[in-house]
**Q** 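One structure, pasted below without further comment.
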Amino acid sequence: MVENESNSFPMWIIPFGLVILLVMCVLVPLGGAYNDLVAKDMTVEYTKASVQTALERRADLIPNLVATIEGSAEFEKGTLVEVTAMRNQAMQIKETLKSEQSVDELQESQEELGVIIGRLMVVYEQYPTLQTTQSFRELQAQLVATENQINGERNNYNAAVMKYKSTTRSFPTIVIARIFGFDEDAWTMFETYPGKADVPVVDFNTCG
């Protein structure tokens with residue numbers, strides 16, 4: 001009698017196993033949803049940093065353009081004073097970029113740098129001797145490449161934000177997003193405002 005009781009199958013294992021299985025069926029998808037949210041959030045942050053780095057590169061090129069202009073003895077004093085002011089402004093913008101966090105701030109810096117570059121292009125067009133300067137033409141390639149990089153990084157960022165927003169609105173991820181504070185509006189996208197955020201056209205060949 002004792003032997004039969006010791007060899008009997010503990011019936012409580014079946015419901016216990018079912019409970020464990022049910023819990024796993026719930027936790028595994030939710031855990032995957034949480035990890036997906038974290039990954040997409042980090043991707044947005046990384047792509048925003050890439051935009052910021054590209055803008056810093058753009059700001060770095062402006063002092064080089066100014067130095068080329070200042071190296072010519074044919075420029076009027078007023079022109080040199082103007083381009084020097086542009087260089088100082090670009091350097092201030094770069095310092096600001098090092099601490100900027102919001103997309104609106106990055107957007108504003110991009111627009112300000114675009115205005116400076118546009119003014120430098122006006123100076124370039126006014127002086128034929130500058131148009132034949134090799135250093136200026138070398139800076140052309142760097143500037144155009146940087147503009148393309150900025151556009152590419154902005155597009156990457158906007159795409160990452162779209163994926164993040166889509167994920168936070170999807171079930172069951174929306175449950176995890178609400179619990180752990182993943183706000184679907186935590187990230188905003190870059191936008192183009194008419195007359196403000198247009199990338200300046202940089203074409204030195206049409207003037208030379």
Side-chain angles (χ1 to χ4, degrees), residues 43-161 188-208:
T43 298
V44 174
E45 186 173 356
Y46 173 79
T47 52
K48 184 173 78 70
S50 297
V51 175
Q52 190 166 339
T53 300
L55 287 173
E56 289 184 32
R57 172 59 179 159
R58 190 188 199 191
D60 278 336
L61 288 174
I62 292 177
N64 294 334
L65 291 168
V66 172
T68 302
I69 295 175
E70 290 178 334
S72 175
E74 299 185 10
F75 289 95
E76 293 85 354
K77 181 179 180 180
T79 300
L80 295 177
V81 170
E82 181 183 4
V83 297
T84 299
M86 294 181 200
R87 177 185 60 199
N88 294 338
Q89 184 180 359
M91 294 174 66
Q92 291 176 357
I93 294 173
K94 182 183 177 182
E95 289 301 315
T96 303
L97 280 168
K98 293 179 179 180
S99 59
E100 282 176 338
Q101 299 296 323
S102 73
V103 169
D104 288 340
E105 288 174 328
L106 293 177
Q107 180 95 35
E108 182 179 355
S109 292
Q110 180 179 3
E111 294 165 1
E112 291 175 351
L113 290 172
V115 170
I116 295 174
I117 292 174
R119 289 164 61 192
L120 286 173
M121 294 308 101
V122 172
V123 173
Y124 173 84
E125 293 173 358
Q126 291 175 343
Y127 294 91
T129 55
L130 182 60
Q131 297 169 16
T132 61
T133 304
Q134 180 63 29
S135 58
F136 225 101
R137 292 189 175 277
E138 291 174 353
L139 288 170
Q140 172 198 15
Q142 298 180 44
L143 186 57
V144 171
T146 301
E147 301 295 351
N148 292 335
Q149 180 184 1
I150 291 172
N151 284 336
E153 298 296 355
R154 278 169 52 112
N155 291 336
N156 291 338
Y157 170 84
N158 284 347
V161 173
T188 57
M189 300 176 67
F190 283 102
E191 298 180 3
T192 299
Y193 302 100
K196 292 185 65 179
D198 297 334
V199 175
V201 177
V202 182
D203 187 357
F204 298 95
N205 295 319
T206 59
C207 304

**Q** Has Glu45 got more than 12 heavy atoms of other residues, nucleotides or ligands less than 6.0 Å from its CD?
**A**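 No, CD of Glu45 has 12 or fewer neighbouring heavy atoms, counting only those of other groups under 6.0 Å.
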**Q** Under the side chain to side chain donor-acceptor pair (under 3.5 Å) test, which residues partner Ser99, sequence neighbours left out?
**A**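 Checked Ser99 against side chain to side chain donor-acceptor pair (under 3.5 Å); zero matches.
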**Q** Applying salt bridge (Lys or Arg N to Asp or Glu O under 4.0 Å), can you list everything that pairs with Glu95, at least two apart in sequence or on another chain?
**A**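 Once residues adjacent in sequence are excluded, the partners of Glu95 under the salt bridge (Lys or Arg N to Asp or Glu O under 4.0 Å) criterion are Lys98.
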**Q** Tell me every residue that passes side-chain contact (heavy atoms from CB on, under 4.5 Å) with Asn155, counting only those two or more places apart in sequence or in another chain.
**A**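 Listed in chain order: nothing, the list is empty.
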**Q** Is there side-chain contact between Phe136 and Ile69, with at least one heavy-atom pair below 4.5 Å?
**A**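 With C-beta onward as the side chain, the pair touches.
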**Q** What pairs with Ser109 under side-chain contact (heavy atoms from CB on, under 4.5 Å), at least two apart in sequence or on another chain?
**A**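 Result, side-chain contact (heavy atoms from CB on, under 4.5 Å) vs Ser109: Ile93, Leu97, Glu100.
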**Q** Does the side chain of Phe190 come within less than 4.5 Å of Val51's, by heavy atoms?
**A**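 Heavy-atom side-chain distance check passes, below 4.5 Å.
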**Q** Please check if the number of heavy atoms outside Met189 that lie under 6.0 Å from its CE is greater than 12.
**A**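 Yes, because the 6.0 Å sphere around CE of Met189 holds more than 12 heavy atoms from other groups.
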**Q** Within the structure provided, determine whether Arg154 and Glu191 are in side-chain contact (heavy-atom separation under 4.5 Å).
**A**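 The answer is no, as the side chains (C-beta and beyond) never meet within the 4.5 Å cut-off.
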**Q** Could you list the donor-acceptor pairs under 3.5 angstrom formed between side-chain atoms of residues 113-120 and any protein atom two or more places apart in sequence or on another chain?
**A**
none

**Q** Verify the distance criterion only: is there a donor paired with an acceptor across the side chains of Gln142 and Arg57 at less than 3.5 Å?
**A**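 Per modelled atom types, Gln142 and Arg57 side chains form a pair under 3.5 Å.
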**Q** Mind checking side chain to side chain donor-acceptor pair (under 3.5 Å) for Thr84 and listing every partner two or more places apart, or none if nothing turns up?
**A**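 Listed in chain order: Glu70.
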